[in-house]
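Let me begin by presenting the structure, written as structure tokens, before commenting on it.
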Amino acid sequence: PDNLLIESGCDRDQPRCLLSDFGQAKFVKVDTVGAVGDATEDHHCPHAFASLYRAPELCFGCSEYTTSPDVWAFGCVFSAVLLSGFHLFDAPEVISRDVQLQAAYSEMEHEQRHLLTLIDSLGTPSFDELAAMNPALAADTERVKSWMRIPPRAACRPWQARLTTELEQRAAVEGLNWRQRTHMAVDLLEAIFVYPPDARPSGDTLASSAFFDRLAGR
């Protein structure tokens, strides 16, 4: 949201919005001998995107992707705008009162914390979902064996509950029209926030959503 610049004093019904900050826009690929070069058409850097907007497949090391991570990032920005700047997948600093568990969490890299937050919000991905995010992992026999021993679990802190609670409070003030838009927003984000990249809607599909009819002048 910090990179969406809205013109000061503009017409509220027709605001002028500019996109800014395209600084991290270079694809990187490491070849078989460890040299860094330009990316091929299909292989990109899995460490792209700031962590708050990073899709789960990137956390699992996927380097073959198209625009699905951008759709995920859009969902993160969209939800943050709806929640007045609050990020659904912002890793908390404290997760437990248990001293040992909290100490282990504090020693984790930020990337690991982000992945745990995604799992808390979406549940554990099944093996099929893992394979959809990064097919290379499905080819790792030992990883397959270890992963299959962990049954998928439901989300501990589903993002829908946090989002709906906040939006329903706003709907109580804004009225029926906002409540209807709340349901549309949740449906839109439920389509975006899924593990399999190919299951997410395209940019064109998102743009045609009824939620954005007023913005698009439809």
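Residue numbers start at 1 and run along the sequence shown. Quick caveat: nothing in here was measured; it's all calculated off a predicted structure.
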### Summary
To the nearest 0.5 Å, atom CG of L52 lies from atom NE2 of H114 at 7.5 Å
### Message
Please give me the minimum heavy-atom distance between T165 and A161, naming the atom from each residue.
### Response
OG1-O, 2.8 Å
#### Entry: P201 to L206 - nearest heavy-atom pair and separation
CG-CD2, 3.7 Å
### Query
About how many Å separate OG of S79 and CZ of F193, when rounded to the nearest 0.5 Å?
4.5 Å
### Summary
Smallest heavy-atom separation, F211 atom then A185 atom, equals CE1-CB, 3.7 Å
### Query
Can you list the steps and then say if E190 with D187 is a side chain to side chain contact (heavy atoms under 4.5 Å, CB included)?
CA-CA 5 Å; E190 281 187 331; D187 289 344; 4.0 Å; yes
### Task
Check the side chains of R157 and T117 for a donor-acceptor pair under 3.5 angstrom, ignoring hydrogens and angles.
no
### Query
What heavy-atom pair brings R200 and S68 nearest, and what distance separates the two atoms?
NH1-O, 3.3 Å
#### Entry: Single-linkage hydrophobic cluster I119~L130, side-chain heavy atoms < 4.5 angstrom
yes
### Query
Donor-acceptor pair, R162 side chain versus L88 backbone, under 3.5 Å?
yes
### Query
Only one of L115, L122, D120 forms a side chain to side chain contact (heavy atoms under 4.5 Å, CB included) with F89, so which one is it?
L122
### Interatomic distance, Y65 atom OH to D198 atom CG [nearest 0.5 angstrom]
15.0 Å
### Task
Determine whether P197 and M133 make a side-chain contact, defined as any pair of heavy atoms from C-beta on separated by less than 4.5 Å.
yes
### Query
Quick one: do the S208 and T205 side chains pair a donor with an acceptor below 3.5 Å?
no
#### Entry: Donor-acceptor contact present, side-chain S20 to main-chain N3, <3.5 Å
yes
### Task
Measure the spacing between CG of L118 and CG of L116 and express it to the nearest 0.5 Å.
9.0 Å
### Task
Give the C-alpha distance, both sets of side-chain angles, the deciding distance and a yes or no for side chain to side chain contact (heavy atoms under 4.5 Å, CB included) between L4 and V77.
CA-CA 10 Å; L4 301 177; V77 172; 4.0 Å; yes
#### Entry: Donor-acceptor contact present, side-chain T67 to main-chain D70, <3.5 Å
no
### Summary
Heavy-atom nearest pair, N134 first then C62, reads ND2-N, 3.6 Å
#### Entry: R54 side chain vs C59 backbone, donor-acceptor pair below 3.5 Å
no
### Message
Between W72 and Y53, is the ring centroid distance below 6.0 Å?
### Response
no
### Message
Is the distance from the ring center of Y195 to that of F60 below 6.0 Å?
### Response
no
### Task
Identify whether V194 and F78 are in the same connected component of the hydrophobic contact network (ILVMFWY, side-chain heavy atoms under 4.5 Å).
no
